[in-house]
Trainee: 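Structure incoming, see below.
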Amino acid sequence: MKPVKFFNSLGRRLQEFEPLEPAHVGLYTCGPTVYDRIHIGNLRTFIFEDILRRTLRFFGYRVTQAMNLTDVEDKIIAAALEAEVDIDAFTAPHVESFFEDLAALRVERVEHYPRATEHVAEMIAMIERLLAAGYAYRADDSVFFRIAADHDYGKLSGIDLDQVRRGQRVQSDEYGKQDARDFVLWKGAKEGEPEWPSPWGPGRPGWHIECSAMSQKYLGKTFDIHCGGVDNLFPHHENEIAQSESANCCPLARYWLHSEHLTVDGEKMSKSLGNCYTLGDLLDRGLPARSIRYLLASVHYRQQLDFTFDKLAEAGRALKRIDDMRFRLAHEAEKDGDSASLDLAADDFENAFAAALADDLNTAAALGAVFTFVHAVNGFIDHGLPHGARARVQAALDRADQVLAVLDAGEWAGSPEAGGGLSDAEIDALVEARSDARASRNFAAADRIRDQLSEAGVVVEDTPDGSRWKRA
RNA sequence: GGCGACGUGGCCAAGUGGUAAGGCGAGGGUCUGCAAAACCCUUAUUCGCCGGUUCGAAUCCGGCCGUCGCCUCCA
């Protein structure tokens, strides 16, 4: 098994990855709060996590992953109240659209999608342990985590709470606490809000406790990798560590990986700027899901990525270069080419690709290797394709695509509008008719057919071996 | 105020001590009845600026300029 290196936010350094159990990885990834349709920033993180998961498998690990669904939280409660439905009815369509969006981008289903509302008992149990150990205290009907009792609080984010500005936001907090820095574990019930019974009276869990309780249930007290967007580093992940490690007296996760944010046209996404695109917004504009996945995966996960429509179009053109090579490869006859040197090119590609992924998931370099290989294969197509070349190239690309999931256009089919409604057989007939016209030097007729096909979105390519076509 | 990231060709983006991957674009070429499509070639003596360390720096150190993010809503 090849050593894989990750940049661990905990300690802020590149580390060789070693799982707790041989060949098995426990992975926890913070999931969505299901109060709205997720936006492309969320999708960037989920695609990063998907590539992490696929990369681990690529290197021979079995992966057990849990992604939570936050289905009870302030925004949800407020929105459900306004819509006059209970929170389950309110969140259901958002859960559904979340899964649809992931599927549209070929993000794999993970093993567990625990919901906060179904794990309140586990959260209560953890809060009880924290109370018993003196890490938590009750105030009014709520329970708070006592940061002063946690001596290594801040070790993930490097934050020094004494240096943090004490803003008005803390003063406006609705719940009483002893120290402004403390955070809530359990919120006492309020009129009209959903509530669960607890030893401290009815109420609902705080946001941070859900991940601590659910990761423990599905992955154990200590697991391998915890991921999320950088914004979660503080306070969410810091608080998860505080809760879990105080309750369990062992490390929560050994590696913490955080993906950088997506900006749009150089600015942070926000509703007021109107640049909070959802996948649906982009698909409605006719933009291909495949280009979206490519763009979001093409920049290293720890780099900010600025989303623009121009880049999305560029992504489509880059993919076309891959598609064109595969199209040419499929139509080119194998003959006595230099198969040893083709094998060498394929080996070089596979090695460079794997090395890039093993280096902290360097997808940009991995794609660079893909294009270098595309260039090499084009050379073989031009100068003589050896026997067995198609299978060898196909195998190399397929293996890489187990991680990237963008290299095979066929896997993304589903835009039948291309081709203008003409069936393959109809197109074949037209192309043949045009060839006949050309053969009899009736170029006017040939060009009419070419124009007709062009309007239908079909490109005819004339090669020394005859004409062939593809959908644009 | 505290913490952190980034600045590489026209645009995007790898590379973190050994002499600049890759994509898009642009220019040229091949092919063609003409085209188109595609492919091929070319396109950074240089990595924000100034100093320093070194045989050698885009890569390390110091300073400066600029951009961005987080600091308890946030992927």
Side-chain angles (χ1 to χ4, degrees), chain A residues 9 12 14 29-33 35 38-49 73-75 147 154 157-167 169-170 173 180-184 207-208 227-236 238-239 258-263 266-270 294-295 298-300 302-306 308 310-311 313-322 324-325 327-328 352 356 359 362-375 378-379 381-383 438 441-443 446-447 450-451 453-454 459-464 467-470 472:
Chain A
S9 301
R12 287 181 189 150
L14 210 56
T29 49
C30 283
T33 298
Y35 71 102
I38 59 171
H39 54 64
I40 54 176
N42 297 293
L43 287 168
R44 187 208 183 172
T45 296
F46 298 140
I47 286 175
F48 147 65
E49 291 160 352
E73 174 269 355
D74 291 350
K75 279 193 290 272
I147 282 180
S157 60
I159 204 155
D160 177 354
L161 283 181
D162 293 330
Q163 295 294 327
V164 168
R165 270 191 301 205
R166 307 281 171 88
R169 201 177 276 170
V170 172
D173 194 285
R181 305 173 306 173
D182 293 344
F183 60 91
V184 69
W207 177 42
H208 308 297
C227 293
V230 277
D231 54 292
N232 277 158
L233 208 144
F234 184 84
H236 182 54
E238 197 71 72
N239 290 352
H258 290 95
S259 61
E260 254 301 343
H261 273 181
L262 184 78
T263 55
E267 292 178 298
K268 184 177 173 172
M269 276 191 298
S270 74
Y294 178 93
L295 176 60
S298 66
V299 175
H300 187 94
R302 286 191 288 114
Q303 287 292 336
Q304 281 183 15
L305 191 166
D306 187 43
T308 65
D310 278 351
K311 281 185 197 165
E314 269 182 30
R317 289 192 288 267
L319 284 168
K320 189 166 182 301
R321 181 162 167 80
I322 299 167
D324 285 331
M325 181 276 275
F327 178 78
R328 296 207 316 146
D359 182 19
N362 191 339
T363 49
L367 283 167
V370 170
F371 286 105
T372 300
F373 185 52
V374 166
H375 177 68
N378 274 327
I381 294 171
D382 285 344
H383 299 114
R438 290 179 71 213
R441 304 194 66 79
N442 185 354
F443 297 121
D447 289 352
R450 183 209 282 161
D451 291 344
L453 287 165
S454 172
V459 178
V460 186
E461 296 190 354
D462 297 331
T463 76
S467 300
R468 63 195 187 198
W469 61 270
K470 63 188 177 188

Trainee: Has the side chain of A/Q304 got a donor or acceptor atom sitting under 3.5 Å from an opposite partner on the base of B/G69?
Mentor: no
Trainee: Could you tell me whether A/G228 contacts a base, only the sugar-phosphate backbone, or nothing, with contacts defined as non-hydrogen atoms closer than 4.0 Å?
Mentor: sugar-phosphate
Trainee: Does A/E73 or A/K311 map to a spot on RNA chain B nearer the 5' end, using the closest nucleotide for each?
Mentor: A/K311
Trainee: Report the residues that fulfil ring pair (Phe, Tyr, Trp, His ring centres under 6.0 Å) with A/F327, sequence neighbours left out, ordered by chain and then residue number.
Mentor: A/H331
Trainee: By nearest atom, which of the nucleotides B/G23, B/C74, B/C71 is closest to the A/F234 side chain?
Mentor: B/C71
Trainee: B/A75 C1' sits how many Å from A/F46 CZ, rounded?
Mentor: 6 Å
Trainee: Using side chain to side chain contact (heavy atoms under 4.5 Å, CB included) as the criterion, list what pairs up with A/N442, not counting sequence neighbours.
Mentor: A/A437, A/S440, A/A444, A/A445
Trainee: Please give the distance between the C1' atoms of B/G17 and B/U53 as a whole number of Å.
Mentor: 12 Å
Trainee: Please name all residues satisfying ring pair (Phe, Tyr, Trp, His ring centres under 6.0 Å) with A/F373, sequence neighbours left out, ordered by chain then number.
Mentor: A/F349
Trainee: Return the value, rounded to whole Å, for the distance between atom CG of A/N232 and atom C1' of B/G69.
Mentor: 14 Å
Trainee: Between A/W207 (CH2) and B/A75 (C1'), how many Å, whole number?
Mentor: 10 Å
Trainee: Check every strand shown and say whether A/T372 touches a base, only sugar-phosphate, or nothing at a heavy-atom separation below 4.0 Å.
Mentor: sugar-phosphate
Trainee: Relative to the ring of A/H208, is the ring of A/F183 parallel (under 30°), tilted (30 to 60°) or perpendicular (over 60°)?
Mentor: perpendicular
Trainee: For atom C1', what is the distance between B/C12 and B/A26, given to the nearest Å?
Mentor: 15 Å
Trainee: Tell me, please, which residues at least two apart from A/W469 pass ring pair (Phe, Tyr, Trp, His ring centres under 6.0 Å).
Mentor: none
Trainee: As a test of reading the structure: which of B/C74, B/C24, B/U72 is closest to the side chain of A/F183, going by heavy atoms?
Mentor: B/U72
Trainee: Would you call A/D382-A/R328 a salt bridge at under 4.0 Å N-O?
Mentor: yes
Trainee: Tell me every residue that passes side chain to side chain contact (heavy atoms under 4.5 Å, CB included) with A/T463, counting only those two or more places apart in sequence or in another chain.
Mentor: A/D465, A/R468
Trainee: Counting any heavy atom closer than 4.0 Å, what does A/G368 reach on the DNA or RNA strands: base, sugar-phosphate only, or nothing?
Mentor: base
Trainee: What would the secondary structure line of RNA chain B be in dot-bracket form, counting Watson-Crick and G-U wobble pairs under 3.5 Å, with [ ] for pairs that cross earlier ones and | for pairs with another strand?
Mentor: ((((((((.[[[..)..(...]]]((((((.......))))))....[[[[[..)....]]]]])))))))....
Trainee: Please name all residues satisfying side chain to side chain contact (heavy atoms under 4.5 Å, CB included) with A/A352, sequence neighbours left out, ordered by chain then number.
Mentor: A/A369
Trainee: Side chain of A/K268, heavy atoms from C-beta onward: which of B/G33, B/A75, B/C74 has the nearest atom to it?
Mentor: B/C74
Trainee: Is the closest side-chain heavy-atom distance between A/N378 and A/R321 below 4.5 Å?
Mentor: yes
Trainee: Could you run down nucleotides 35-43 of chain B 5' to 3' and tag each one B, S or - for protein heavy-atom contact under 4.0 Å?
Mentor: BBSSSSS--
Trainee: Which nucleotide wins on minimum distance to the side chain of A/P464, given the candidates B/A75, B/U72, B/C31?
Mentor: B/C31
Trainee: If we take the C1' atom in both B/G33 and B/U42, what is their distance in whole Å?
Mentor: 30 Å
Trainee: Is A/F443 touching bases, backbone alone, or none of the nucleic acid, heavy atoms closer than 4.0 Å?
Mentor: base
Trainee: Given the C1' atoms of B/U43 and B/G51, what is the spacing between them in whole Å?
Mentor: 33 Å
Trainee: Name all residues meeting the side chain to side chain contact (heavy atoms under 4.5 Å, CB included) criterion together with A/S259; count only those two or more places apart in sequence or in a different chain, and write none if there are none.
Mentor: A/T45, A/F48, A/Y301
Trainee: Taking B/U8 as the reference, what is the distance to B/A13 when you measure between their C1' atoms (whole Å, please)?
Mentor: 9 Å
Trainee: For A/I38, which contact category applies under a 4.0 Å heavy-atom criterion: base, sugar-phosphate, or nothing?
Mentor: nothing
Trainee: Can you tell me how far C1' in B/A44 sits from the matching atom in B/G69, rounded to whole Å?
Mentor: 29 Å
Trainee: Please report, rounded to the nearest Å, how far the P atom of B/C74 is from the NE2 atom of A/H258.
Mentor: 13 Å
Trainee: Just how far, in rounded Å, is C1' of B/A26 from CD of A/E314?
Mentor: 13 Å
Trainee: For B/C70 versus B/G28, give the span between their P atoms, rounded off to a whole number of Å.
Mentor: 46 Å
Trainee: Who are the salt bridge (charged side-chain N to carboxylate O under 4.0 Å, His left out) partners of A/D462, not counting sequence neighbours?
Mentor: A/R434, A/R438
Trainee: Tell me whether the side-chain N/O atoms of A/R12 come closer than 4.0 Å to OP1 or OP2 in B/G4.
Mentor: yes
Trainee: Provide, to the nearest angstrom, the distance between the CE atom belonging to A/M269 and the P atom belonging to B/C74.
Mentor: 15 Å
Trainee: Which heavy atom of A/A318 sits nearest a heavy atom of A/Y294, and at what distance?
Mentor: CB-OH, 3.7 Å
Trainee: Over how many whole Å does the gap from A/R317 atom CZ to B/C11 atom C1' extend?
Mentor: 11 Å
Trainee: When you compare B/G23 with B/G62, how far apart are their C1' atoms, in angstrom units rounded to a whole number?
Mentor: 36 Å
Trainee: Atom CG of A/L233 to atom C1' of B/C3: distance rounded to whole Å?
Mentor: 11 Å
Trainee: Considering residues at least two apart in sequence or located in another chain, which fulfil the ring pair (Phe, Tyr, Trp, His ring centres under 6.0 Å) criterion with A/H258?
Mentor: A/H237
Trainee: Minimum heavy-atom separation for A/L295 to A/L305, with atom names?
Mentor: O-CD1, 3.6 Å
Trainee: List every contact pair, protein side and nucleotides 14-16 of chain B side both N or O, where the distance is under 3.5 Å.
Mentor:
residue: B/A14; atom: OP1; partner: A/H300; partner atom: N; Å: 3.3
residue: B/A14; atom: O3'; partner: A/N362; partner atom: ND2; Å: 2.8
residue: B/G15; atom: OP1; partner: A/N362; partner atom: ND2; Å: 2.8

